[in-house]
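One structure below.
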Amino acid sequence: MRMVNFRAPYNTGRLVILLAVVLLVGFLLLPAQFQGLFQRAGSPVGWVVSWPLRAVAGVSDGIADLWARYVALRTVEAENRELRKELEYLKGQNSQLREAAAATDRLAALLDFKQQIGGTTIAAQVIGRDTGNWYRTIILNKGEADGLRPDMGVVTPAGVVGRIVKTTSATSVVLLVTDPNNAIAGVVQRTRDEGIVEGTSSGSARLKYIPMLSDARPGDRVVTSGLVGGFPKGLAIGTIAAVHKEDEGLFLSAELVPEVDGEHVEEVLVIQSLAVPSEGERLGAPKVKLKS
Amino acid sequence: MNVLVWSALIALMVPLQSVLLPQVKIAGVTPDVALVAACLAGLLGGELHGLVVGLTLGWVMSLFSAMDPVVAMGVKGAVGYAAGFAGRHVVYLSWPMLTVGIFFLSCSAGSATAFLLALNGRQDLWWAIRAVVLPQGVLDALIGGALYWVAWSRFNVERWMTEYRM
């Protein structure tokens with residue numbers, strides 16, 4: 001039996017190369033519309049090959065993405081931490097600046113007020129409250145060493161705060177105008193009716209001993225009369241909320257809403273000595289400019 | 001406890017009472033930690049100890065209050081002495097018992113103060129008892145009871161008290 005020899009009797013490699021060159025030249029010489037045929041014929045092959053291609057590309061992209069994210073996250077996390085730190089710092093700084101601005105406003109108002117009321121005043125800070133529950137007092141950071149003495153009046157630009165009742169060398173205790181043990185001479189600003197302002201158990205104040213025929217009514221402001229030492233004339237004490245006739249009494253009394261909330265006051269002025277007005281100022285004479 | 005430790009405690013009690021506790025008022029009332037301290041001092045150290053600590057605390061606290069120093073010293077000294085007397089006659093003191101005891105002492109001291117102030121016509125006695133004495137008594141009792149409970153559950157208080165008094 002004769003065996004078929006499949007082995008090529010000549011150099012196959014050269015033949016293949018030659019064939020490829022011929023085909024390529026032939027392909028290049030074909031019209032353009034025939035070239036598209038090859039493209040279309042390769043489409044299914046491309047579709048098949050696209051699957052592993054996409055899979056590998058996907059994995060590769062995933063790895064690249066993961067890597068990029070990991071690296072990016074590392075930097076973003078650090079950046080985030082820095083930004084958070086910066087935010088906290090800025091928040092704190094903002095809060096401090098707001099507090100400083102508020103304190104500046106308060107102190108500027110206090111300084112203006114100090115110039116308005118004249119006399120000798122001492123600025124002080126509130127550092128505490130009464131150590132018991134029986135009195136409404138505040139503790140100031142200045143005392144005898146700074147020239148503060150009992151019975152000196154304590155005010156803010158808003159009005160009367162109270163009166164010093166006790167001092168140590170470095171601190172003073174101020175009895176608030178809302179304490180029942182405090183009494184300040186007051187006058188209804190509109191009607192000029194005088195009375196005594198006392199605190200009440202509920203934490204407000206009351207103007208007592210208003211004449212029976214007084215026209216005082218809710219909304220009227222009550223100011224210091226200046227008759228009793230400690231406070232100059234005309235400082236706001238409170239606003240009348242209601243007027244009552246005392247039972248079987250000869251006077252009216254009025255509930256007051258104090259101008260100053262003693263529980264939240266932070267800086268005050270202590271009136272060390274009142275300015276003594278000249279005779280002309282006292283009588284309200286206009287000031288005359290002398291011509292030179 | 002020696003004088004230095006008590007002095008430091010008393011010095012710390014003033015800012016605690018006048019600066020920190022007013023921030024956490026309950027029903028408009030702050031607990032009187034000086035009164036609680038006088039009670040515990042009497043209980044731990046006996047009548048004399050309670051009396052001295054009570055008098056000192058009353059005096060120091062009155063420097064930062066409008067309260068008359070004699071009234072403050074008298075009330076707190078009496079509380080310290082009473083706590084010492086009670087403590088000496090009690091064999092075993094549990095924290096609930098101590099809580100009730102401090103409530104009773106605080107209410108007695110508060111009522112005495114309210115009565116003394118009412119004598120001047122500046123306070124309504126019944127208002128004071130309802131609005132100040134009873135709430136403060138509750139707060140004082142809770143604080144004293146809590147402090148004693150912590151000491152009771154962590155340390156051998158009975159042995160400590162016995163050794164301390166000897």
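Throughout, a chain's letter reflects where its sequence line sits, starting with A, and its residues are numbered from 1.
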- Message: Return the OG1 to CE distance between A:T131 and B:M67, rounded to the nearest 0.5 Å.
- Response: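 Rounded to the nearest 0.5 Å, the OG1-CE separation comes to 8.0 Å.
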- Query: Got a second to check how far A:W134's CH2 is from B:D32's CG, nearest 0.5 Å?
  - Reply: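 Interatomic distance, A:W134 CH2 to B:D32 CG, rounded to 0.5 Å: 10.5 Å.
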- Task: Would you please test A:D130 and B:F64 for side chain to side chain contact (heavy atoms under 4.5 Å, CB included) and show each step?
- Result: CA-CA 6 Å; A:D130 199 286; B:F64 301 94; over 6 Å; no
- Using non-hydrogen atoms only, which part of B:V29 is less than 4.5 Å away from chain A: side chain, backbone, both, or neither?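 Both parts, heavy atoms under 4.5 Å.
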- Task: Spell out the residues in residues 164-176 of chain A that have some non-hydrogen atom less than 4.5 Å away from a non-hydrogen atom of chain B, in order of number; otherwise answer 'none'.
- Result: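 Listed by number: A:V165, A:K166, A:T168, A:T171, A:V173, A:L175.
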- Task: Find the one option among A:T137, A:I139, A:I127 whose heavy-atom pairs under 4.5 Å with chain B are most numerous.
- Result: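 Most pairs with chain B among the choices: A:I139.
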- Restricting to pairs with a member in residues 11-30 of chain B, which pass side chain to side chain donor-acceptor pair (under 3.5 Å), not counting sequence neighbours?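 The answer is A:N133-B:T30.
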- Query: Near A:L87 CG, under 6.0 Å, is it more than 12 heavy atoms from other residues, nucleotides or ligands?
  - Reply: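 Check passes, neighbour count above 12.
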- Message: Are more than 12 heavy atoms, taken from residues, nucleotides or ligands other than B:Y81, located less than 6.0 Å from that residue's OH atom?
- Response: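 No, because the 6.0 Å sphere around OH of B:Y81 holds 12 heavy atoms or fewer from other groups.
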- Query: chain B heavy atoms under 4.5 Å from A:E198: which part of the residue, side chain, backbone, both or neither?
  - Reply: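 No part of it gets close to chain B.
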